[in-house]
Amino acid sequence: MFKLGIVIASVREGRVGLPVAEWCVDRARRHARFDTALIDLKEVDLPVFAERTHPRLQQYESDTHKVWSAVVAGIDAFVFVTPEYNHGTAPALVNALDYLYVEWNYKAAAFVSYGGMSGGIRAVQMTKQSLATLKIVPIVEAVAIPFVSQAIDRESGSFKASEQHDKAAATMFDELHRWTTALAPLRA
Ligand SMILES: Cc1cc2nc3c(=O)[nH]c(=O)nc-3n(C[C@H](O)[C@H](O)[C@H](O)COP(=O)(O)O)c2cc1C
């Protein structure tokens, strides 16, 4: 079974990203075609990138960097659960991407994005440029959640997905599995 990493791109206190990612993990596990892990960039806790050498050389100096390398190397496909900040990529996600190169290569990725009217899609478009450089293949199928705050339950803090969100997630996982399979010979 391929390993799927669901990455929480927001590291803010009180982030909406956590309940949305928990919903995404739950749907991925129900979908049952991946071995799914939650990757929380708040826990990964990478400092702002300031490394001596280009990550493609894999000359990692800190333990945090080595751990991040091992985490990403062990995953076959990703779902980035992301907000948009000022119409762009969340800073913790840019940072986490920049830290590695080889470990990202030939992996498929999908997005669950959220925000106001845009549903975070401007951040998705912007992030795709970086993914292409890292030889990550971003797929078209996605979940976009506009006006996300209205879908957060006030009492429990959980994300209340609509039927469309659930359907879009299932379609996204199906297609992500196809691409993950197709890219397997390149990862080998
Ligand atoms: C610095 C900052 C910039 C933001 N820019 C946008 C934006 O461009 N588009 C948008 O839809 N929402 C924007 N928002 C609102 C976010 O969608 C909202 O705060 C959301 O909860 C952020 O996700 P998070 O809670 O997981 O961090 C912004 C919020 C912050 C803190």
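Counting convention: from 1, in listed order, for ligands and their atoms alike. Below, all heavy atoms of this structure are taken into account, side chains as well, without hydrogens, waters or symmetry copies.
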Determine the interplanar angle of the Y101 and H54 rings, folded into 0 to 90°, and report it as parallel if under 30°, tilted if 30 to 60°, perpendicular if over 60°. perpendicular

Which protein N or O atoms sit under 3.5 Å from any N or O of ligand 1? Give atom names and distances.
residue: ligand 1; atom: 5 (N); partner: E84; partner atom: O; Å: 3.4
residue: ligand 1; atom: 5 (N); partner: N86; partner atom: N; Å: 2.9
residue: ligand 1; atom: 8 (O); partner: N86; partner atom: N; Å: 3.1
residue: ligand 1; atom: 8 (O); partner: H87; partner atom: N; Å: 2.8
residue: ligand 1; atom: 9 (N); partner: E84; partner atom: OE2; Å: 2.8
residue: ligand 1; atom: 11 (O); partner: G116; partner atom: N; Å: 2.8
residue: ligand 1; atom: 25 (O); partner: R12; partner atom: NH2; Å: 2.6
residue: ligand 1; atom: 25 (O); partner: V16; partner atom: N; Å: 2.8
residue: ligand 1; atom: 26 (O); partner: S10; partner atom: OG; Å: 3.3
residue: ligand 1; atom: 26 (O); partner: V16; partner atom: N; Å: 3.2
residue: ligand 1; atom: 26 (O); partner: G17; partner atom: N; Å: 2.9
residue: ligand 1; atom: 26 (O); partner: Y114; partner atom: OH; Å: 2.5
residue: ligand 1; atom: 27 (O); partner: S10; partner atom: OG; Å: 2.6
residue: ligand 1; atom: 27 (O); partner: R12; partner atom: NE; Å: 2.8
residue: ligand 1; atom: 27 (O); partner: Y85; partner atom: OH; Å: 2.6

Is it true that the side chains of T89 and T127 contain a donor and an acceptor less than 3.5 Å apart? yes

Taking atom CD1 of I121 as the centre, does the number of heavy atoms from other residues, nucleotides or ligands within less than 6.0 Å exceed 12? no

Salt bridge (Lys or Arg N to Asp or Glu O under 4.0 Å) involving E43 - partner list, sequence neighbours excluded: none

After noting the C-alpha distance and the side-chain angles of D35 and R29, does the key distance pass the salt bridge (Lys or Arg N to Asp or Glu O under 4.0 Å) rule? CA-CA 7 Å; D35 175 7; R29 289 191 176 141; over 6 Å; no

Do W68 and Y60 have ring centres separated by under 6.0 Å? no

